[in-house]
Amino acid sequence: MAMIFIISPTLSHATQMHSAKEGILVHQLGHLFFLISMAILILTIQGKRLHMERGWRLIQYSALFFIFWNMDAILVHLLDNQTTFISTSLISMTNIHIKTLEHHEGLAILYYLLRLDHLLCLPAMIFLHRGLSHLLQRKTP
């Protein structure tokens with residue numbers, strides 16, 4: 001029975017775009033909560049001196065990259081949805097036009113660099129995977 005739903009998908013109204021006020025606020029709060037959680041994780045690892053072990057040290061690096069990623073994402077969402085400094089238009093699948101207010105050309109470059117958030121998120125996930133793998137190897141006989 002479940003295969004019918006997989007083979008024949010229908011229109012879903014379960015997503016909300018970031019541009020809606022309540023959507024972006026909840027999304028930004030999620031980034032802030034994640035950022036604070038990662039800071040608490042780093043403090044806990046440091047406080048319990050777990051960073052002396054390689055697996056926990058890698059997880060600590062992961063948390064640091066997740067903090068930077070969340071800071072980046074919060075700023076990008078702020079520029080995208082909550083200010084009028086930046087406006088973007090999709091020209092093609094690989095080309096976006098970034099328009100800024102007068103005398104804010106540097107902001108377009110900053111915005112472009114901030115949109116490369118995967119350069120922070122991917123290392124965070126790799127460090128997390130490597131750290132957890134290292135801890136798992138230590139635990140198995």
Side-chain angles (χ1 to χ4, degrees), residues 1-101 103-141:
M1 182 66 175
M3 277 309 266
I4 293 172
F5 294 112
I6 294 172
I7 295 171
S8 174
T10 58
L11 184 61
S12 174
H13 297 286
T15 60
Q16 181 175 12
M17 300 305 291
H18 286 62
S19 57
K21 288 181 182 173
E22 63 276 3
I24 189 62
L25 290 176
V26 170
H27 190 86
Q28 290 283 61
L29 284 173
H31 279 296
L32 186 61
F33 180 77
F34 190 19
L35 188 152
I36 292 168
S37 298
M38 292 297 101
I40 291 169
L41 178 60
I42 289 174
L43 292 173
T44 301
I45 290 171
Q46 287 288 320
K48 295 186 178 218
R49 305 194 50 79
L50 296 171
H51 64 283
M52 303 301 234
E53 191 175 338
R54 180 169 165 74
W56 284 109
R57 193 168 46 253
L58 292 171
I59 291 171
Q60 183 176 345
Y61 296 155
S62 170
L64 184 62
F65 271 95
F66 275 129
I67 287 172
F68 291 143
W69 174 73
N70 277 292
M71 290 169 49
D72 178 277
I74 289 170
L75 188 53
V76 165
H77 292 321
L78 185 71
L79 290 172
D80 263 343
N81 304 107
Q82 297 170 288
T83 64
T84 57
F85 298 124
I86 298 277
S87 65
T88 60
S89 55
L90 186 65
I91 296 171
S92 69
M93 288 301 286
T94 59
N95 197 356
I96 296 174
H97 181 263
I98 302 170
K99 184 179 178 186
T100 62
L101 297 175
H103 309 297
H104 289 92
E105 293 81 22
L107 192 56
I109 296 168
L110 175 66
Y111 176 78
Y112 176 78
L113 294 173
L114 289 173
R115 289 300 303 242
L116 300 174
D117 63 324
H118 57 281
L119 297 176
L120 296 169
C121 191
L122 184 62
M125 290 187 279
I126 291 170
F127 278 127
L128 180 61
H129 179 267
R130 300 268 321 262
L132 291 172
S133 296
H134 194 276
L135 291 176
L136 184 61
Q137 288 173 359
R138 183 194 68 167
K139 296 286 185 194
T140 53

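On a predicted model such as this, the values are computed, not experimentally measured, just so you know.
Sorted by first and then second residue, the ring-ring contact (aromatic ring centres under 6.0 Å, His included) pairs involving residues 105-126 (not counting sequence neighbours) form an empty list.
Within the model, atoms CG of Leu107 and CG of Leu79 stand 5.5 Å from one another, a figure rounded to the nearest 0.5 Å. Atom CG of Leu29 and atom NE2 of His27 lie 10.5 Å apart (nearest 0.5 Å). With rounding to the nearest 0.5 angstrom, the CD1 atom of Ile40 is 7.0 Å from the CD1 atom of Ile36. In this structure, CD1 on Ile86 lies 10.5 Å from CZ on Arg115, to the nearest 0.5 angstrom. Atom CD of Gln60 and atom OG1 of Thr44 lie 10.5 Å apart (nearest 0.5 Å). Atoms CG and NZ, from Leu43 and Lys48 in turn, are 12.5 Å apart once rounded to the nearest 0.5 Å.
Side-chain atoms of Glu105 never come within 3.5 Å of backbone atoms of Thr100 as a donor-acceptor pair (strictly under, hydrogens ignored).
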Next on the checklist: Run the side-chain contact (heavy atoms from CB on, under 4.5 Å) test on Asp80 and Ile24 for me, step by step, so that the C-alpha distance in whole Å, both residues' side-chain angles and the decisive distance to 0.1 Å come before the verdict.
Outcome noted: CA-CA 10 Å; Asp80 263 343; Ile24 189 62; over 6 Å; no
Item to check | From CA spacing to verdict: side-chain contact (heavy atoms from CB on, under 4.5 Å), Leu50, Ile59 | outcome: CA-CA 10 Å; Leu50 296 171; Ile59 291 171; over 6 Å; no
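Partners of Ile109 under the side chain to side chain contact (heavy atoms under 4.5 Å, CB included) rule, at least two apart in sequence or in another chain, are Leu113. Taking Arg130 as the reference, nothing meets the salt bridge (charged side-chain N to carboxylate O under 4.0 Å, His left out) condition, with sequence neighbours excluded. Taking the side chain to side chain donor-acceptor pair (under 3.5 Å) definition, one finds that Arg54 meets it with nothing, sequence neighbours left out.
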Contacts under 3.5 angstrom, residues 61-71 side chains, donor-acceptor by atom type, not counting sequence neighbours:
residue: Ser62; atom: OG; partner: Ala124; partner atom: O; Å: 2.8
residue: Trp69; atom: NE1; partner: Asp117; partner atom: OD2; Å: 3.0
residue: Asn70; atom: OD1; partner: His31; partner atom: ND1; Å: 2.8
residue: Asn70; atom: ND2; partner: Phe66; partner atom: O; Å: 2.8

Side-chain atoms of residues 89-99: list all donor-acceptor pairs with protein atoms under 3.5 Å, sequence neighbours left out, distances to 0.1 Å.
residue: Ser92; atom: OG; partner: Thr94; partner atom: N; Å: 3.4
residue: Ser92; atom: OG; partner: Asn95; partner atom: N; Å: 3.3

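Summarising the local packing, CZ of Phe34 is surrounded by more than 12 heavy atoms from other residues, nucleotides or ligands at distances under 6.0 Å.
Proximity of Ile42 to Ile45: side-chain heavy atoms (C-beta onward) are nowhere separated by under 4.5 Å.
The side-chain contact (heavy atoms from CB on, under 4.5 Å) test with Asp72 singles out one residue from Leu75, Ile74, Val76, and that residue is Val76.
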